[in-house]
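Nothing fancy with the numbering, it's 1 onward along the sequence. Scope of the values below: all heavy atoms of this structure, side chains included, with no hydrogens, waters or symmetry mates.
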Amino acid sequence: MKKLLTLLLVCALTVCMMASCGGSDKLFDYNYDEYLTLGQYKGVEVSAAEIEKEITAQMDSILASNAYDVETKAAAVEGNKVVYSVTAKVDGAEAADLAKTDASITLGTGKTGLDDLDAALVGMAVGETKDVTLTVPADHTGNAEIDGKEAVLTVSVSSVTENVTPETVTDEMIKTATNALYSTVADYEVYLRSAIKQNLVWNKVLANTTFVNYPKKEAEMYYDNYIASYQSTAAQYGMTLESMASMYGMTLDAFQNNLAQQAVAQTNQDMAIFALAEKEGLVPDDTRVADVKAEMMAYYGYEDEAALVDAVGEDAIEQSAIYDMVMEFIETNAVEVE
């Protein structure tokens, strides 16, 4: 069964990139007792209700992504998209600055700038026209002959569109959502249940683990990789790393510090994975490694195994296989409770 979980991809791909430029030393080859003490990882309890809740949330997300618009003759309600036109008069004269032709608004989320107009559109149907008398807000148009004065708006609706969310997830939706990794709802639900359970259990395993130190080399590699990735993204948009940091509401120092903390957290997580694998003697055989290669090739579009190996390295693929084995081990040994 395909198990390309988010954590696997973060671990495998980042390590892959590090392995390709980090020299010949094998990554994460340590005396783990110097860095951490594993806590309980067998018999970890996980809530069956929480698993079901997350499965439902994932399925609801797929349904939401397949929502579609349908025109309706019914009166407009919040959430509907309304196409409308407006003519207006102020002191009996046409007010072109208030006029609109085929403007659109999503009721409840969009704003026209005129609260009384927003309210008037609710309940209107296609073909309906009504007059709305209101006071134009100060500085609304920049025209002193209009702003702050009473206006009569004649509003007509030409279209009301309802956004409809499908009630049932279909196989076709699953194919699209998973890039054809899964072709049926049943197969995807099996994967999803396992993936969610593994992630919930793993979070508890991490919480039960005591970290006393971390290998600086690995954390620095992660940090350098994060920085390079953000710098590349920033360059694509003609930005600096500092301006990108400001988009997140951070100074450059705070942004870099945040990435450094993420690098340490990822390093600790990887150390826990490999420490647990070592303790339980989880060593991938050729079949397991071949399965991981096949999954990675399918997911990333490699047609040739040699090209994949050349891009990411055998060590990284083996480490991904170890990750898979650890996740399966903790899932098998977990206990679902109500």
inquiry  = Strictly by side-chain hydrogen bond (donor to acceptor under 3.5 Å, both in side chains), give each pair with a member in residues 160-174 just once, sequence neighbours left out.
reply    = Asp69-Asn163

Nearest non-hydrogen partners of Leu276 and Val205, listed with the distance = CD1-CG1, 4.4 Å

ask   = Hey, is the main chain of Val90 close enough, under 3.5 Å, to the side chain of Lys149 for a donor-acceptor pair?
value = no

inquiry  = Surrounding CD of Glu145 (heavy atoms of other residues, nucleotides or ligands, distance under 6.0 Å), is the total greater than 12?
reply    = no

message = Taking CG in Asn31 as the centre, count heavy atoms belonging to other residues, nucleotides or ligands within less than 6.0 Å. Is the count above 12?
response = yes

query = Is there a donor-acceptor pair closer than 3.5 Å between any side-chain N or O of Ser61 and the backbone N or O of Ala57?
reply = no

message = With a sphere of 6.0 Å drawn around CD of Glu242, does it hold more than 12 non-hydrogen atoms of other residues, nucleotides or ligands?
response = no

key: Ionic contact status for Glu45 with Lys204, cut-off 4.0 Å   = no

query = Between the main-chain N or O of Val190 and the side-chain N or O of Ser194, is there a donor-acceptor pair closer than 3.5 Å?
reply = no

Side chain to side chain contact (heavy atoms under 4.5 Å, CB included) between Val201 and Glu331, worked out = CA-CA 7 Å; Val201 176; Glu331 178 187 8; 5.9 Å; no

query = What distance separates Leu114 CG from Thr135 OG1, expressed to the nearest 0.5 Å?
reply = 10.5 Å

request  = Could you tell me the separation between the CD1 atom of Ile273 and the CD atom of Glu278, rounded to the nearest 0.5 Å?
outcome  = 14.0 Å

ask   = Between Gly123 and Glu128, which heavy-atom pair has the shortest distance, and what is it?
value = O-OE1, 3.9 Å

message = Determine whether a donor-acceptor pair (N or O, by modelled atom type, separation under 3.5 Å) exists between the side chain of Asp285 and the backbone of Thr287.
response = yes

query = Would you say Gln236 has more than 12 foreign heavy atoms packed within less than 6.0 Å of its CD?
reply = yes

Side chain Asp147, main chain His140, donor-acceptor under 3.5 Å = yes

query = Do other residues, nucleotides or ligands put more than 12 heavy atoms under 6.0 Å from Asn213 CG?
reply = yes

ask   = Quick one: does Ser246's side chain have a donor or acceptor within less than 3.5 Å of a partner on Ser243's backbone?
value = yes

message = Taking Ala306's backbone N and O only, do any of them form a donor-acceptor pair with Asp304's side chain (distance below 3.5 Å, no angle check)?
response = yes

inquiry  = Atom NZ of residue position Lys53 - does it have more than 12 heavy atoms of other residues, nucleotides or ligands inside 6.0 Å?
reply    = no

key: Within 6.0 angstrom of Lys216 NZ, more than 12 heavy atoms from elsewhere   = yes

remark   = Taken in chain and number order and not counting sequence neighbours, the residues that satisfy side-chain hydrogen bond (donor to acceptor under 3.5 Å, both in side chains) with Glu52 are Arg193

Main-chain N/O of Val77 paired with Asn80 side-chain donor or acceptor, under 3.5 Å = yes

key: Worked verdict on Val335 versus Val337 for side chain to side chain contact (heavy atoms under 4.5 Å, CB included)   = CA-CA 6 Å; Val335 178; Val337 295; 4.2 Å; yes

task = Look only at the side chain of Asn257 and the backbone of Asp253, and say whether a donor-acceptor pair between them is shorter than 3.5 Å.
result = no

query = To the nearest 0.5 Å, how far apart are CG in Asp291 and OG in Ser320?
reply = 13.0 Å

query = Can you check side chain to side chain contact (heavy atoms under 4.5 Å, CB included) on Leu98 and Val86, steps first, answer last?
reply = CA-CA 7 Å; Leu98 294 174; Val86 176; 5.5 Å; no

message = If you define the side chain from C-beta out and look only at heavy atoms, does anything of Gln262 sit under 4.5 Å from Leu259?
response = yes

OH on Tyr30 to NZ on Lys217, rounded to 0.5 Å = 4.5 Å

query = What distance separates Ser104 OG from Tyr84 OH, expressed to the nearest 0.5 Å?
reply = 7.5 Å

message = For Tyr230 and Tyr248, take the angle between the two ring planes, folded into 0 to 90°, and tell me which bin it lands in: parallel under 30, tilted 30 to 60, perpendicular over 60.
response = perpendicular

task = Could you tell me if the ring centre of Tyr188 sits under 6.0 Å from that of Tyr191?
result = yes

ask   = Taking atom CD of Glu218 and atom CD of Gln266, what is their separation to the nearest 0.5 Å?
value = 11.5 Å

remark   = Note: Ala76 and Leu107 closest approach over all heavy atoms is CB-CD1, 3.6 Å

